[in-house]
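Have a look at the structure below before the remarks.
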Amino acid sequence: MFCPLVCLWPLLSCLPSPMPPILPPPTPCAADSTPRPAGDAVPHRNQKPPTHRQRCRITTSSSSSPLSAARVLIANDPTPRAFSALFKAASSSSPSPSLGSQLHAQAVVRGFLGDGDNTILSTAVLNFYASCREPDLARRVFDRMARRNAVTWNALIKGYAQAGRRDEALALFRCMRRQGGVAPDKYTFPALLSGIGRNHGGGCVQELGGAVHAQVVKSGLDKDPFVGASLVSMYAATGALEDVKVVFDDVDTLDPVVWSSMISAYINCKEEEAALLTFYKMLCQDIKPRQFVYSSLFAICGSMSMLEMGRQVHAHSLKNITDKDAAMTNALLTMYSDCGCIDDAWRVFESNDIVDVISYNSMILALGQHAQPKEAAELFRQIKFSGLIPDEVTLLNLLSAFNHAGLVHEGLHLFDSMLDIEGIKPTYQHYACVIDMLARSGEIEESMKTIKEMPFEAETSLWRIVLGACSKHGDIETGMKIAEMLFEMEPYEPTNYILLGNICARLGRWAEAEKVRSLMEKRGIDGDDAFSWIEMGQTTHKFGVDDRSHPISEEIYRNLDRLIGSIKAAGYVPDTNFATHSTEKDRREESLRYHCEKLAFAFGDLASPSGDTLRIMKNLRVCGDCHSAYKYFSLVTGRKIVLRDNHRFHHFYNGACSCGDYW
DNA sequence: CTAGGGTTAG
């Protein structure tokens, strides 16, 4: 039995939460990317020509690449069987279409695909093209075949499904029995379902899913773990958690993959606690977890900022996983970053010997969120030396690092050179990031201009970003215009009202602020309640605004009052511009005093040894007055404080914040 | 000759 994670914090009961990460001492990135042996050249030389058996074996031998195996094979009078094996080998690891078509040509030249019974070899060729995401080429092979068996159909269905061509995959599925006279088997359903729902949400998928599920039951395959796992993820993609559970209950539960798809299903449906409990149940059944499960668990712990749980899961993975895995390691890196531990994230990155682009992307993202744009840029520079190629996410993450830090120049420069230098065409998200950057830095006009000029239609979320910038810079005219537009497009989105109200409040136009508020009330709209939380050992403590529900609430308030006394003595002045909710001046200061992030700090300060770093999370953007108070908190208590809001991390130390007050 | 689950991005 695997160590059960301290019994998974008796039943949990955790928190919802938003996004990203934190902090500090720049380890000049020594990412000594392991240079890989150049190319897949040079076949291993055998002194004697290989025997027939050797020829078959050589094609699947894992020690030589498909290309070198192919060279040896072609030089040695291959048989059709050997060709099949070679196609199989070529399909598995990042298939190269050109190698495939050369082999295909060789097979044709040798007459292996001419006529007669070549079903197996043709299917191997077909499967090769399907694996290359070239279902149309696979289809051409398919159409020329004299005979097709279930394997042939399954391979082609998989080809279309994985290329995201759901309708064609389904059409083939229907033809299979009717025209092909072949019944679907336990390979068919996973092939069909693997592509459905994933990229294509939407209602029709759900109906189709139900119909396919019915076929599964009819075929008596509902116990099969492969079929079950694919059904689980199909239903999860549509959010149909009830159906997921039905499938899970039917299926043979000794299979680890079924468990990991169940865990992912809960994550997809935003049931993180259930996902953790499922992991626990899995351990209780003595099922050994694999890398996949840990990636999912790290993602949960990160997104919910459960550092202690994350550490335990990490330790657990070290005991149970011996092979390193890029995806798992990347998830681990992100988990530490999301929990506010940027130096642990660094450690994971630097000790990782299976770095891929996503590793770099994740680390660049983390650095950006933790206000270390220089390090992010340096890492970007290093990608080239590692033999990896930056992708659009890389560029986006680096842009966003510049954005967080207000490095508008660098950001614009990068954006302008994306296409020419990196060969990556800016997507909507790149534009959105740049527009955000311009607006937040005060270039609101310029950002509006960019919105008009970009080759995409702006979504409401982008307008909301600009509205937020108007609020920050007190541009009430533009703000009003955008707000009115947004009120029409999405009349029930609370953020729009709140942002406009904030503009008025910041400019001291209290009557108008009040008007916005009453409009909101009239329409029955509620903003999200703000809350903050802090983890102490295995317990998470959550605070709302003016919250007195904590068991030691009295002490917390007393400590906060004391702290505010000392920070005032140190120079802190409450910024009542952030008190948007009441109109009388002295009440405004009071309303700031017990903001949830201040309560969480006061608690953390009480509950942990002095000098400890405190990590505090907030579900919404951190309030400006609290940001200022936190700087003084770090000064008077000598603590490091990491504050995560829904956007980024702030690291407070010695009276200053890592964001340099730009946020 | 065919199959299921995971990681970055707002």
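Throughout, a chain's letter reflects where its sequence line sits, starting with A, and its residues are numbered from 1. Not measured: the values here are computed from a predicted model.
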Can you find a donor-acceptor N/O pair under 3.5 angstrom joining the side chain of S260(A) to the base of dG5(B)? yes
At under 4.0 Å, does any side-chain N or O of Q162(A) touch on OP1 or OP2 of dG4(B)? yes
Rounded distance (Å) that lies between atom C1' of dG4(B) and atom CG of N154(A): 13 Å
Is the F380(A) to Y360(A) ring centre distance short of 6.0 Å? no
By nearest atom, which of the nucleotides dG6(B), dT7(B), dG4(B) is closest to the M328(A) side chain? dG6(B)
Between N397(A) and N361(A) (side chain of the first, backbone of the second, donor and acceptor by atom type, cut-off under 3.5 Å), is there such a pair? yes
When you check the phosphate oxygens OP1 and OP2 of dG4(B), does a side-chain N or O of K158(A) lie under 4.0 Å from one of them? no
Quick one: which of dT8(B), dT2(B), dG6(B) gets closest to the side chain of S362(A)? dT8(B)
Are more than 12 heavy atoms, taken from residues, nucleotides or ligands other than K270(A), located less than 6.0 Å from that residue's NZ atom? no
Among dA9(B), dG4(B), dC1(B), the nucleotide that comes nearest once only the side chain of S84(A) is considered: dC1(B)
In terms of the angle between their ring planes, are Y428(A) and F456(A) parallel, tilted or perpendicular, with boundaries placed at 30° and 60°? perpendicular
Candidate nucleotides dC1(B), dG4(B), dG10(B), ranked by approach to the side chain of L365(A) - the nearest: dG10(B)
More than 12 heavy atoms of other residues, nucleotides or ligands under 6.0 Å from CD1 of I389(A): is that the case? no
Counting side-chain heavy atoms from CB outward, which of dC1(B), dA9(B), dT7(B) is closest to N149(A)? dC1(B)
Between CD1 of I364(A) and C1' of dA9(B) the distance, given in whole Å, is 12 Å
Rounded to the nearest Å, what distance is computed from the CG atom of residue D436(A) to the C1' atom of nucleotide dG10(B)? 10 Å
Decide yes or no, distance alone: a donor-acceptor N/O pair under 3.5 angstrom between the base of dG6(B) and the side-chain of N330(A). no
L396(A) side-chain proximity, nearest of dT2(B), dA9(B), dG5(B): dA9(B)
Can you measure I267(A) atom CD1 to dT8(B) atom C1' for me and round it to whole angstrom units? 15 Å
Within the structure shown, what part of the strands sits under 4.0 Å from V232(A) by heavy-atom distance: base, sugar-phosphate, or nothing? nothing
Nearest of dT7(B), dG4(B), dA9(B) to any side-chain atom of A229(A)? dG4(B)
Quick one: which of dG6(B), dT8(B), dA3(B) gets closest to the side chain of K186(A)? dA3(B)
Looking only at N and O atoms, is any donor in the side chain of Q291(A) or the base of dG6(B) less than 3.5 Å from an acceptor on the other one? no
Atom CG of L388(A) and atom P of dT8(B): how far apart are they, to the nearest Å? 18 Å
I120(A) side chain: which of dA9(B), dC1(B), dA3(B) is closest? dC1(B)
Applying a 4.0 Å non-hydrogen cut-off, can you work out what D356(A) is touching in the nucleic acid: base, sugar-phosphate, or nothing? nothing
Any side-chain N or O of N127(A) under 4.0 Å from OP1/OP2 of dT2(B)? yes
Have a look at T123(A) and say if it touches a base, only the backbone sugar-phosphate, or nothing, with a 4.0 Å heavy-atom cut-off. base
Nearest to the side chain of Q429(A) - dA3(B), dA9(B), dT8(B)? dA9(B)
Is the Y235(A) to H213(A) ring centre distance short of 6.0 Å? yes
Separation of atom CG in L121(A) from atom P in dC1(B), rounded to whole Å: 11 Å
Can you check the D185(A) CG to dC1(B) C1' distance for me, whole Å? 13 Å
Without decimals, in angstroms, what is the distance between H404(A) NE2 and dG10(B) C1'? 10 Å
Ignoring hydrogens and angles, tell me if any N or O in the side chain of R133(A) forms a donor-acceptor pair with the backbone of Q162(A) under 3.5 Å. yes
Looking at the base of dG6(B), is there any donor atom on it, or on the side chain of D325(A), that sits under 3.5 Å from an acceptor on the other one? yes
